[in-house]
Amino acid sequence: MKTLRILPQTSPLSGAVLVPGDKSVSHRAVMLAALADGESRVRRWLPAGDTVATLAAVQALGVSIAVIERGAQAWELAVTGRGLGGLRPAAGSLDCRHAGTCLRLLAGLLSGQPFASVLDGSEQLRRRPMRRITGPLRQMGADIDDHDGRAPLTIRPAPLRGIRYEMPVASAQVKSALLLAGLFAAGETAVWQPGPTRDHTERMLRAMGVPLAEANGWVRLPGSPGQLAPLDLTVP
C-alpha cells in the first residue's frame, strides 16, 4: 500500500473564481425588461436551461433580444422593451421546458394581456402544482384554466382588478406572479407574506420607477404605473 504524503504549503494560494449569475434574477430581468419602454442592458445573465426557456418565451411574445456578448457562464443582453401594452400573441403555446419560475411568473404577466396564451412545458413541469398561482389570479379576474391543477395553462383576455391576498405559505413565485399581474390591474394589489421571501421582483420594479410600498409583511403595488423605465443591471 502506498503512503500519501502531504507536503507543507510553502506559498499562499491565489487565483480568481467567476461565479455564475443568479438564476432567479436572470428570469425576472428578461421578463421585466420586456415590459420597459426602451432598451435595457443586462450583464452577467445566466444562460442555463431554465433561463433560456424564459428568454425564448419572451422573444415569442414579440420582444427583440440581442446577445451582445456570449460567454460560457454569462451573456450580456440588450432587450428592446415593448412597454406594458406592446407584447404580441405567440404563434403557438409557450414552452417553459422544466422552468417553474418561467411558467408561474408568465402566468401573472400574461393574465393582463389583450390576447390569449397557452403556457406548457415538459412532463416534469406538468406534474408541478399550479393552483397556488391560478387561484389568486382568478380572484383578480383572470380567465385562466389549468388541467387538474397543473400545466398546461390557458389564459384568455380579461380585465384585472387589484386584490388583497394573504399567502398561506411564503412564496417568491406567487408574490411575483401577483405583482406582475398587478401592473395591468385596476386599483392596488397588496400581497402579504407570512415569512421572508426573495425580493428580486420588488427591487427591479423600484429600479424601473414603480412606487412599491412594504410594511408589516405587506407588499403594495398601486394601479398600473403606465410605463416602466429600462433596466441597467448586472446580475449578481
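If you read the sequence from its start, that first residue is 1, and numbering goes on from there.
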Measure from the side-chain N and O atoms of [X] to the backbone N and O of [Y], and report whether any donor-acceptor pair falls under 3.5 Å.
X	Y	result
Thr197	Ala170	no
Asp199	Glu202	no
Thr189	Gly162	no
Ser224	Leu183	yes
Arg138	Ile144	yes
Arg156	Ser117	no
Arg82	Gly62	yes
Ser176	Leu105	no
Arg150	Arg127	yes
Lys23	Pro47	no

Does any part of the side chain of [Y], heavy atoms only, come nearer than 4.5 Å to the side chain of [X], both counted from C-beta?
X	Y	value
Leu110	Leu61	yes
Met167	Leu178	no
Glu188	Pro222	no

Establish, from distance only, whether the side-chain atoms of [X] and [Y] form a donor-acceptor pair under 3.5 Å.
X	Y	result
Asp120	Ser93	no
Thr51	His27	no
Arg28	Thr201	yes
Ser24	His200	no

Nearest 0.5 Å, what's the [atom1]-[atom2] distance between [X] and [Y]?
X	Y	atom1	atom2	answer
Leu125	Cys96	CG	SG	6.5 Å
Trp45	Ile65	CH2	CD1	7.5 Å
Leu119	Thr154	CG	OG1	8.5 Å
Leu137	Arg104	CG	CZ	12.0 Å
Gln113	Leu106	CD	CG	10.0 Å
Asp22	Leu46	CG	CG	8.0 Å

Please name the pair of heavy atoms, one in [X] and one in [Y], separated by the smallest distance, quoted to 0.1 Å.
X	Y	value
His98	Ser122	ND1-OG, 2.8 Å
Pro230	Asp37	CG-O, 3.2 Å
Val118	Pro152	CG1-CB, 4.3 Å
Leu32	Leu231	CB-CD1, 4.4 Å

Between Val52 and Ile68, is there shared hydrophobic-cluster membership here, with clusters defined by ILVMFWY side-chain heavy atoms closer than 4.5 Å?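 Result: no, two separate clusters.
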Report yes or no: do Leu212 and Leu228 belong to one cluster of Ile/Leu/Val/Met/Phe/Trp/Tyr joined by side chain heavy-atom distances under 4.5 Å?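 Same hydrophobic cluster.
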Considering only NZ, NE, NH1 and NH2 on the basic side and carboxylate oxygens on the acidic side, decide whether [X] and [Y] come within less than 4.0 Å.
X	Y	value
Arg70	Glu76	no
Arg41	Glu39	yes
Arg131	Asp146	yes

Starting from Trp218, walk the hydrophobic network (Ile, Leu, Val, Met, Phe, Trp, Tyr; side-chain heavy atoms closer than 4.5 Å) and list everyone else you reach, by chain and number.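 Cluster partners of Trp218: Trp192.
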Check step by step if side-chain contact (heavy atoms from CB on, under 4.5 Å) holds for Phe184 and Leu35. CA-CA 11 Å; Phe184 305 94; Leu35 302 177; 4.2 Å; yes
Would you please test Arg206 and Glu214 for salt bridge (charged side-chain N to carboxylate O under 4.0 Å, His left out) and show each step? CA-CA 12 Å; Arg206 285 196 189 92; Glu214 293 187 57; 2.4 Å; yes
List the steps and the verdict of side-chain contact (heavy atoms from CB on, under 4.5 Å) for Val79 and Val63. CA-CA 7 Å; Val79 183; Val63 178; 3.8 Å; yes
For Leu77 and Val67: C-alpha separation, side-chain torsions, deciding distance, then whether side-chain contact (heavy atoms from CB on, under 4.5 Å) applies. CA-CA 5 Å; Leu77 305 179; Val67 181; 3.9 Å; yes
Going through the distances and angles, do Met31 and Thr54 end up as a side-chain contact (heavy atoms from CB on, under 4.5 Å)? CA-CA 8 Å; Met31 290 188 198; Thr54 294; 3.8 Å; yes
